2 protein chains.
Amino acid sequence: MSQRKASGDVGRATIRDVAERAGVSVASVSRVLSGNYPVSEELRRRVMKVVGDLDYVTNAHARSLAGGGTPTVAILINNITGAAFAHVAKGVEGAATLRGWLSLVGTTGDDPERELALVNLMRQQGVAAVVLLGGAYDFDEYQLRMAGFARSLDAAGSHLVLVGRPPLEGDVPATTVDYDNEGGAYAMASHLLSAGHRRVLVLPGHSELTTAQGRLRGAQRAFEAYGVPFDPGMVRHGPYDYEHGYEAVEDTLKEGVDFTAVLAGTDVVAAGAMQALRAAGLRVPEDVSIVGYDDIPLASQLTPQLTTVHVPYEEMGRVALRAVADRREGGGTGRRNDGDHLVLGTHVVVRNSVRPPARRD
Amino acid sequence: MSQRKASGDVGRATIRDVAERAGVSVASVSRVLSGNYPVSEELRRRVMKVVGDLDYVTNAHARSLAGGGTPTVAILINNITGAAFAHVAKGVEGAATLRGWLSLVGTTGDDPERELALVNLMRQQGVAAVVLLGGAYDFDEYQLRMAGFARSLDAAGSHLVLVGRPPLEGDVPATTVDYDNEGGAYAMASHLLSAGHRRVLVLPGHSELTTAQGRLRGAQRAFEAYGVPFDPGMVRHGPYDYEHGYEAVEDTLKEGVDFTAVLAGTDVVAAGAMQALRAAGLRVPEDVSIVGYDDIPLASQLTPQLTTVHVPYEEMGRVALRAVADRREGGGTGRRNDGDHLVLGTHVVVRNSVRPPARRD
DNA sequence: TTGAAAGCGCTACCAT
DNA sequence: ATGGTAGCGCTTTCAA
């Protein structure tokens, strides 16, 4: 154990250690390991033997610096704990692995400062792409902020991918992978309306969240299409969490407002709403119908199983990675093309949480 | 846009670009940016100005190679979609961010090949530590495999951390962060027994999974303590998923086996069991009581809310990171000490899914 | 087919 | 307080 450098070095073995021990040049070792160059069987054998003995692995940083290196995607997510985005991450991860790419996951905790810090951190890492997940808050600053990210990343040879958010305006170097958010809400609301529901409590989410806005718009359009007046008083905004679903229903009930169905912004909100209804002695779906959005596993695990909108999260992740990989291999010119905005379909999954209203109003 | 090298280089700006443009030396720029060295206000101003203009960020790979670099933890997880491990990951992430560390998440999909590939990949990345999450399959090979990982990582100046798994035997350079798995099961089963339940359907998980083994052992010990004979026929093994919970209960019911309570290996399994009971016309907890394990958010979102064992997943993540960070800063000698095996407590969270059995047998 | 050597972008040491 | 410069470990010409 003294073939390391004079100092009591505890660091990893280097390519030089391997070369010396195998009695060959550093270049040869590199060639054997990269495998992208013809080498004699004898050389390969000797090198691999030493690599095994020393349990050597190449230093990814050095390799990166010198030009080689594994392409890496960074996934930036608000909260790793959210089921929907975990599925997108899974999709990205899976597709990345398939191509031998590496993937990084960073969490922003909904903090713009941290988001910026992470984007820069990823830029430092020289990642091939940064994937930003989830609905965005539609503040004025948002477009500018994202455009800034897109340009910074682009200038560094990287690329910004927005998943589950509306595309950026203008000629910004970014790719968007979206789903038919509004269409899903339209279909979901229509399902409720065609079952005969007229008074429905709508819990679209935070009013500034782009996904919530789209879901609300979809619902409104459905009401219009059915010629049913849409009552803004039946809309309650709030975060996409269980507590909000619970409290919104609880409060609405307390106020004596009448409704026969709940159109929740997400499955988790629906779960909270369901619980509150039950706590108030109401049965689902006999007394009140409920529908969700997302179709995460929870939806089919609730009792009754939740009718909801299926969003192809995992596929979005796969598509997102494919988009950046293609652009990379295609030697993109940097010019935008139609592939820069992909939108995937959504559809209603009918389960057991909807029934025609018991009474008409 | 021609201050780049002669070639039509599209790459990122380098420290040299900044130095030239600011009319200072490369060393000075490095000092300003690292901030760990005294520099004149004038210098700092000029450098930062150019950094802003060029939107420059340091190349993390180069920095790493040269000795600096952000410490990175790698989190290896079977399935990013599992709620429990997502919480551990969150804990690690949070603690890492707090210290300015970076974290990587890789998924193995339960595939040993992929696990090995990822460990090596992380070794290449020169990560400060590799955190392996979740119960392990107790095959003979397992101890050897992990010991191998531990030594490889250690030789590379990295470190292996096992979270939620039993510690490695012998003098292996690894840290284990565990929770009182068996104790939690003991307490949970005792809760059921003291409520009067005697015929309990036990769904501990896969028989080779270490966590399942511990949970089963805990339950058995509780039965012994209560002087109640433990019927092995009431144990059904299977994966930690909703479907298994559903099918196990469905089958048991079909076989006409009598039971007044279900001791599920995880909350998700409990959710499946609950659904199956309900599908069979049985009420929870009036007819059958159910308890889970993990205390993920789902537990309190079920109806009735699930009595379960709380496992401090997020804290385990934090503790795991703290352990490696301390060892790093403490300039550990490499010798094992008591801090190499940390075990956190668990406790029963009483909700509404347990009631004394309606009838005795 | 193999070896020698010039960098990749940065940090840290040694001068000044 | 600032500048010059020798590597960090690897890939990749260019020669042999």
Side-chain angles (χ1 to χ4, degrees), chain A residues 4-7 9-47 50-51 54 56-71 121 123-126 156-157, chain B residues 4-7 9-48 50-51 54 56-71 121 123-126 156-158:
Chain A
R4 295 283 169 67
K5 294 181 213 69
S7 62
D9 195 343
V10 249
R12 34 209 285 211
T14 74
I15 197 173
R16 278 243 309 262
D17 298 334
V18 176
E20 281 172 17
R21 185 135 160 184
V24 301
S25 77
V26 168
S28 294
V29 176
S30 174
R31 288 180 186 121
V32 169
L33 293 175
S34 320
N36 52 14
Y37 206 88
V39 272
S40 71
E41 199 40 54
E42 162 66 3
L43 212 202
R44 145 162 285 112
R45 232 188 20 71
R46 285 174 53 190
V47 169
V50 176
V51 165
L54 259 40
Y56 168 83
V57 287
T58 46
N59 179 321
H61 297 298
R63 194 208 284 268
S64 250
L65 233 204
T70 318
L121 192 60
R123 204 142 61 95
Q124 293 178 21
Q125 302 290 323
Chain B
R4 294 284 169 68
K5 296 182 211 67
S7 63
D9 195 344
V10 250
R12 36 209 286 211
T14 74
I15 198 173
R16 280 243 310 262
D17 298 334
V18 176
E20 281 172 18
R21 188 135 157 183
V24 300
S25 78
V26 169
S28 293
V29 176
S30 175
R31 288 180 187 123
V32 168
L33 294 176
S34 324
N36 52 15
Y37 207 85
V39 271
S40 72
E41 199 40 54
E42 161 66 3
L43 212 201
R44 144 161 286 110
R45 233 188 19 70
R46 285 173 55 188
V47 169
M48 291 314 285
V50 177
V51 165
L54 258 41
Y56 168 84
V57 286
T58 48
N59 179 324
H61 298 299
R63 195 209 282 269
S64 245
L65 237 203
T70 316
L121 194 61
R123 206 142 61 94
Q124 293 178 21
Q125 301 290 323
S158 184

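The chains referred to below are lettered A, B, ... by the order of the sequence lines, with proteins before strands, and numbering in each begins at 1. On a predicted model such as this, the values are computed, not experimentally measured, just so you know.
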**Q.** Nearest-angstrom distance from the residue atom CZ of Arg123(B) to P of dG9(D)
**A.** 16 Å
Q.
Quick check on dG9(D): is either OP1 or OP2 less than 4.0 Å from any side-chain nitrogen or oxygen of Tyr56(A)?
A. no
Q | 5'-most by nearest nucleotide on DNA chain C - Gly23(A) or Ala62(B) | A | Gly23(A)
Q. Ser30(A) near the nucleic acid: base, sugar-phosphate alone, or nothing, with a heavy-atom cut-off under 4.0 Å?
A. base
I'd like a list of close polar pairs between nucleotides 14-16 of chain C and the protein, N/O only, cut-off under 3.5 Å.
none

Q: Would you check if the side chain of Arg12(B) reaches a backbone N or O of Gln124(A) as a donor-acceptor pair within less than 3.5 Å?
A: yes
Q: Would you sort out whether Asn59(B) and Thr14(B) count as a side-chain contact (heavy atoms from CB on, under 4.5 Å), showing the intermediate values?
A: CA-CA 8 Å; Asn59(B) 179 324; Thr14(B) 74; over 6 Å; no
Q. What bend angle does the helix from dT1(C)-dA16(D) to dT16(C)-dA1(D) show across its length, from five-pair end axes and to the nearest 10 degrees?
A. 40°
Q) What residue pairs, at least two apart or across chains, pass side-chain hydrogen bond (donor to acceptor under 3.5 Å, both in side chains) with a residue in residues 25-38 of chain A? A) Ser25(A)-Ser28(A)
Q) What nucleic acid atoms does Val26(B) come within less than 4.0 Å of, heavy atoms only: base, sugar-phosphate, or nothing? A) base
(Q) Is the phosphate of dT2(C) approached by Ser25(A) (side-chain N or O, under 4.0 Å from OP1 or OP2)? (A) no
Q: Ignoring hydrogens and angles, tell me if any N or O in the side chain of His61(B) forms a donor-acceptor pair with the backbone of Gln125(A) under 3.5 Å.
A: yes
